[in-house]
Amino acid sequence: MSAGLYDADLGGNVYKKRVAMGSKGKRAGYRTIVGAVIGDKYFFLYVFAKNARANINAKEKLALKELAKEFIRFSQSELEQLVDDGELLIVGDDHE
């Protein structure tokens, strides 16, 4: 995403990003709504299969912007505590 590889900037530090599903490619995959400070913090806020729904509605978009704002405000120690408490999960190749 830091290289501009996202599908839409929804405003308020919220971005839409397509994610491939296995070997089927992005067309058969998922859409993710990510709260982000590009190059610093990234939070998966919402994920949905592209074949299940086309997009989020205006109320969902507003709520996700508010959620992103809250997550982005957390300090690193607050985020670590949320992970330790099981409230947040770290997603990535180097994490379980």
Side-chain angles (χ1 to χ4, degrees):
M1 287 185 63
S2 61
L5 299 176
Y6 51 84
D7 298 298
D9 181 345
L10 303 178
N13 295 97
V14 177
Y15 301 85
K16 187 185 326 181
K17 172 87 175 122
R18 289 183 297 163
V19 177
M21 182 177 66
S23 62
K24 296 182 180 182
K26 290 182 183 177
R27 289 189 186 271
Y30 297 92
R31 285 196 171 109
T32 62
I33 307 297
V34 179
V37 176
I38 300 294
D40 185 29
K41 295 179 180 179
Y42 300 88
F43 301 95
F44 284 106
L45 303 174
Y46 188 61
V47 178
F48 56 96
K50 288 176 59 178
N51 64 357
R53 66 184 297 180
N55 213 338
I56 59 173
N57 65 39
K59 284 184 180 182
E60 291 169 324
K61 183 176 172 181
L62 182 61
L64 290 167
K65 284 182 181 183
E66 288 299 315
L67 184 59
K69 189 186 315 180
E70 292 299 316
F71 281 137
I72 288 168
R73 287 183 184 155
F74 287 131
S75 68
Q76 187 60 37
S77 62
E78 289 171 315
L79 291 171
E80 289 168 4
Q81 186 62 54
L82 288 167
V83 169
D84 290 344
D85 293 344
E87 297 293 324
L88 290 179
L89 299 173
I90 297 175
V91 178
D93 292 338
D94 56 347
H95 295 87
E96 293 181 16

### Task
Among residues two or more places apart or on two chains, list those pairs meeting side chain to side chain donor-acceptor pair (under 3.5 Å) that have a residue in residues 35-45.
none
### Message
Taking the side chain as everything from C-beta on, heavy atoms only, tell me whether Ile33 gets closer than 4.5 Å to Lys16.
### Response
yes
### Query
Can you tell me if Lys17 uses its side chain to pair, donor with acceptor, with the backbone of Leu5 under 3.5 Å?
yes
### Message
Whether the side chain of Glu66 engages the backbone of Ala63 through a donor-acceptor N/O pair (distance < 3.5 Å, no angle test) should be reported.
### Response
no
#### Entry: 4.5 Å side-chain heavy-atom contact, Lys50 and Arg18
yes
### Query
Are Phe71 and Leu88 side-chain neighbours, meaning at least one heavy-atom pair lies under 4.5 Å?
yes
#### Entry: Distance-minimising heavy-atom pair for Ala36 and Met1
CB-CE, 4.4 Å
### Message
Nearest 0.5 angstrom please: Lys61 NZ to Leu64 CG, how far?
### Response
10.5 Å
### Message
Distance check, rounded to the nearest 0.5 Å: Ile56 atom CD1 versus Tyr46 atom OH?
### Response
8.5 Å
### Query
Residues in side-chain contact (heavy atoms from CB on, under 4.5 Å) with Gln76, at least two apart?
Leu79, Glu80
## Note on the structure
Heavy-atom nearest pair, Glu78 first then Arg73, reads OE1-O, 4.2 Å
### Query
Do you reckon Leu10 sits in the same ILVMFWY cluster as Leu62, going by side-chain contacts under 4.5 Å, direct or chained?
no
#### Entry: Minimal non-hydrogen separation, Gly35 against Ala68, with atom names
CA-CB, 3.9 Å
### Query
Should Leu89 and Phe43 be counted in the same cluster of Ile, Leu, Val, Met, Phe, Trp and Tyr side chains packed under 4.5 Å apart?
no
### Residues which pass side-chain contact (heavy atoms from CB on, under 4.5 Å) with Asp9, listed by chain and number, not counting sequence neighbours
Tyr6, Tyr15
